[in-house]
Amino acid sequence: MSYLFNTPEQQQQMLQTIGVDSLEALFATIPSDLRLDRPLDLPPALTEMELQKHFSNLASQNVGPGDRVCMLGGGAYDHFVPAAVDEIARRGEFYTAYTPYQAEASQGSLQTFFEFQSLICQLTGMDVSNASLYEGGTCVSEAAFMAMRVTNRHNRVVLLGSLHPEYRQVVETYLKHLNCEVVIVPCKDGSVDPADVDAAMDDQTACLVIQHPNFFGTLEEAAELTEIAHRYGALSVVSYDPISLGILSRPGDYGTDIAIAEGQSLGTPLQFGGPYLGLFSCSEKFVRRMPGRLIGQTVDRNGKRCYVLNLQAREQHIRRDKATSNICSNQGLIAIRAAVYLSLLGKQGIREVAELSCQKAHYAADQLTSVEGIELLFPERPFFKEFAVSCSEGADYLLRKARQAGFDLGPELSRFTFENNPESYQTAVLVAITEQRTREEIDRLVTALKA
Amino acid sequence: MRNKLATQSLFALSQPGRRGAQFPAADVPVKPLEELIPAQALATEPTGLPEVTESDVIRHFVNLSTLNMCVDTHFYPLGSCTMKYNPKRHERLSSLPGIVDLHPYQNQADLQGMLGLLYEMQEMLAEISGLPAVSLQPAAGAQGEFTALLTAKAYFEDKGEKRTKVLFPNSAHGTNPASAAIAGFDCVQLASSKEGLVDLEDLKSHLDDQTAVFMVTNPNTLGLFEKDIKQIAQMVHDVGGLVYIDGANMNAILGYTRPGDFGGDMMHFNVHKTFTGPHGAGGPGSGPIAVRDFLADFLPGPVIGHDASAEEGEAYQLVTPSKSIGRVRSFCGNIGILVRGYCYLRTLGAAGLKAVSENAVLNANYLKALLKDVLPVPNGDLCMHEFVASASKSKAANGITAMDIAKRLLDFGFHAPTVYFPLVVPEAIMVEPTETESKETLDAFAETIVKILQEDPEFLHQAPHSTDVSRPDEVVAARNPILQCCESE
């Protein structure tokens, strides 16, 4: 076994030092009637060479973006990942390090996470960012928990019906059994009417959760909705697309209390849905109520600037059942990827990626709707890089025809349940266009769909 | 040596006009942004991201990385956290095209290799745990705990019962009570016996028809196997409750015994501990759960189903259990970490896994034997994969604390063990060598501890002496939190 280092002779010496006769004897505290009396029934062991062949075989049974052009969206996007991101994330000093509890042994991770927090604050215009949560969906639940603590309102939260349906399901799983009512404001024509939100809010509502751009890719009246939330003494929670902030106004600029996001777009591959990156930031006044790890700057005993895990008294290993969250491991390595990605792009690069995605998405929408039977589902609504189209021949027909031509579109809206489930959603699919897509690809798709 | 630029912040390195990534010009007709996006939604000024070159970025982060200790460079005997070697093949295989680039909403027929892998992972975890139904969705061990508690809650509600209490021993990981609290349960902490095990009398006094779940780590955080676990499980079952096994310490018992066999009804795995997904400086983890058959219908979906009679290319499918508690995260789970765990299980097989536990337990007991005269271990003659020593003796004799030992070890090129946990041992030093360390390393570590205990206590209070920084002031940091770069130096 190539990972176990002691030779049989060494094992014998060690057993002698311990004062037992055999390896088996070390397990004497496990009562014999609890012992497994047979080998585990697992597939036979493979050498590295065999495992690699096995993986080549498994990989060949998948068809991925390497084989087809990816225009899939719905919260996970095929943005470009510069080589330097992988190079840094594959350094053993980062990926085989532990949570930086021993500050002297972990200044590399600590400073990197401190800079990650700073980069997210600059991106969002928020005061404080933590060092990451699991992913975008659970961020909504953590934000709702935090809003309940801050407002001391524990029985009601309001979500826009244009929130990612899987995020909504996560919130419902997290909150419903706590007797917290989860109110969904229906989405009409691709975005939510602020008047409907106003009607749904009351003075017992802990927070209003907005997604902007929303699940359908269209823009919400985020600033106006934030004002409405505040009018009722609730916190506003905005789930944003980090790439969109290259051109859209930042959550901090329009007064959001808690800004959250799925951070996968920032330098992390799709890898079938995870691990991804939960971005979580808030106003300074709420910092002691926020979940997750925080890295702070301080000085050491010689007065030298350095970094530590800060405000740990909020966390589960100290506060146990009174902690701000049960979160323990976070997404450190994915946060490192995002820090490298945002550093490489800088203020100019993030703007370019956002503009390219937006321009190409609008070109794609124009071209796709020139195909007979394909229409924008929400023609009146502005969108950023993703949009819904309906197909008169049905969603399956559109997806199949695109696949045959080498393109993956989607997801189809019929895959999800929505608060109000209009008939028109049954024939609709999402299309997401990143900076990686080219005019040639878009034109080729359109030609194939017209054929 | 490093010059002072090496640890300057990226913001301090920033110069207007520099850049680290370039993108091609638009190849589509470009419209004014105001025609595409309403003016009030557009940013009025650019973000405050720094402007640096690619080589700035590389030098910056590579320099920072060298300020870390990690498993690839150092012995990392971190009790309760299992810092073992992370095989390099896993990084390569999990990055292969066709594995790393799959979108979660692709057509299932195009995902048969991945879904097949995950299905096989479910089957292997079921066999290792002795619990037949598995959900891979939880993103971390703590989320696995939470998920299982909701699963239990849904099960009781389905039976028309409303149970309010979750019990756990005082040696439990902090995540146990935190998860129980956010799942809406009342938390009840139990005493430990003199031997450091669950106190059966105290347990008995708290068990009643309001008991939903008893959460226990086995082996426990003192590194001791709960020898009465079958009786404990019976006591919990007798009042209609369920037993949850915190799987953080599974690497001590792989192939020797199974939670399903000793009375557990539910458990989570820490794939990033037991099955070598690297810790990543804090994560990502992966915390799949395994449960008894009568709980299977309540698991969060999707899980991976197998239908041999399905049309070609659709044998493996995503399925939502009939009475599912719902989702606990978006998409399917931390797949990249599960793939690494899969690699590990396929490399080791049944005999290899058993050898992992044997060597982990051998190494822990050997190190314990080497240290027992200078750092006594209050509980148990034989430990499992880890042990908790106490520095009380040295503290009383000359003021050398667990923290002093931990900090001084860094000077000798060893990462510190976990200190001051679990709370039930004074001046706790919790050591877990893991199976991938050699006798030579353990001998050197033990010699170093003996040497440290003979050093000048005043000198030790100032340790470490050779690291880049020493004893950061955490009180100042907490009183006046500085949480982002605020000056340009």
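In what follows, chains carry the letters A, B, and so on, assigned in the order in which the sequence lines appear, proteins first and then strands, with residues in each chain numbered from 1. All heavy atoms count here, side chains included; hydrogens, waters and symmetry mates do not.
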Open item on the list: Surrounding CD of A:E87 (heavy atoms of other residues, nucleotides or ligands, distance under 6.0 Å), is the total greater than 12?
Closed with: no
- [ ] Please step through side-chain hydrogen bond (donor to acceptor under 3.5 Å, both in side chains) for the pair B:T175 and A:Q316, ending with a clear verdict.
- [x] CA-CA 6 Å; B:T175 50; A:Q316 45 73 27; 4.9 Å; no
Open item on the list: Would you say B:N363 and A:N6 are linked by a side-chain donor-acceptor pair, where the criterion is simply a distance under 3.5 Å?
Closed with: yes
Task: Which of A:C358, A:G410, A:G137 touches chain B most, by non-hydrogen pairs under 4.5 Å - done: A:C358
TODO: Select one option (side chain, backbone, both, neither) describing which atoms of B:I229 are under 4.5 Å from chain A's heavy atoms.
DONE: side chain
Task: Which portion of B:P97 sits near chain A, non-hydrogen atoms under 4.5 angstrom - done: backbone
Open item on the list: Looking only at side-chain N and O atoms, does A:T173 offer a donor or acceptor that is under 3.5 Å from a partner on B:R327?
Closed with: no
Task: Pair A:Q11, B:N359: side-chain N/O donor-acceptor within cut-off below 3.5 Å - done: yes
- [ ] Using non-hydrogen atoms and a 4.5 Å limit, figure out which bit of B:L150 sits close to chain A: side chain, backbone, both or neither.
- [x] side chain
- [ ] Work out which heavy atom in A:A76 is nearest to a heavy atom in B:H103; give both atom names and the distance.
- [x] O-NE2, 2.8 Å
Task: A:P43 to B:M124 - nearest heavy-atom pair and separation - done: CD-SD, 3.8 Å
Open item on the list: Counting heavy-atom pairs closer than 4.5 Å to chain B, which one of A:A84, A:S343, A:P82 comes out on top?
Closed with: A:S343
TODO: Return the option, out of A:V287, A:N310, A:V353, with the maximum number of heavy-atom pairs under 4.5 Å with chain B.
DONE: A:N310
- [ ] Could you tell me which portion of B:R92 (side chain, backbone, both or neither) has an atom closer than 4.5 angstrom to a non-hydrogen atom of chain A?
- [x] side chain
- [ ] Mark yes or no for whether A:T96, through its side chain, and B:V71, through its backbone, hold a donor-acceptor pair below 3.5 Å.
- [x] yes
Task: A:H177 and B:F146 aromatic ring geometry - parallel, tilted or perpendicular at 30°/60° bounds - done: tilted
Open item on the list: With a 4.5 angstrom heavy-atom cut-off, is it the side chain or the backbone of B:E91 that approaches chain A, or both, or neither?
Closed with: side chain
Open item on the list: In the structure I gave you, are the side-chain heavy atoms of A:V128 and B:Q484 within less than 4.5 Å of one another anywhere?
Closed with: no
Open item on the list: Would you say B:R329 and A:T138 are linked by a side-chain donor-acceptor pair, where the criterion is simply a distance under 3.5 Å?
Closed with: no
Task: Verdict with reasoning, B:Q462 to A:R301, per side-chain hydrogen bond (donor to acceptor under 3.5 Å, both in side chains) - done: CA-CA 8 Å; B:Q462 306 285 313; A:R301 69 180 171 86; 3.1 Å; yes
TODO: State, to 0.1 Å, how close A:V170 and B:V328 come at their nearest heavy-atom pair, and which atoms those are.
DONE: CG1-O, 3.5 Å
Task: Pairing of B:D468 and A:K304 as salt bridge, 4.0 angstrom limit - done: yes
Task: chain B contacts, top residue of A:S249, A:A103, A:G296 (heavy-atom pairs, under 4.5 Å) - done: A:S249
- [ ] Determine whether the side chains of B:N68 and A:S109 contain a donor N or O and an acceptor N or O closer than 3.5 Å.
- [x] yes
Open item on the list: For A:F27 together with B:F225, are the ring centres under 6.0 Å from each other?
Closed with: no
Open item on the list: Using heavy-atom distances under 4.5 Å, tell me whether B:A43 contacts chain A through its side chain, its backbone, both, or neither.
Closed with: both
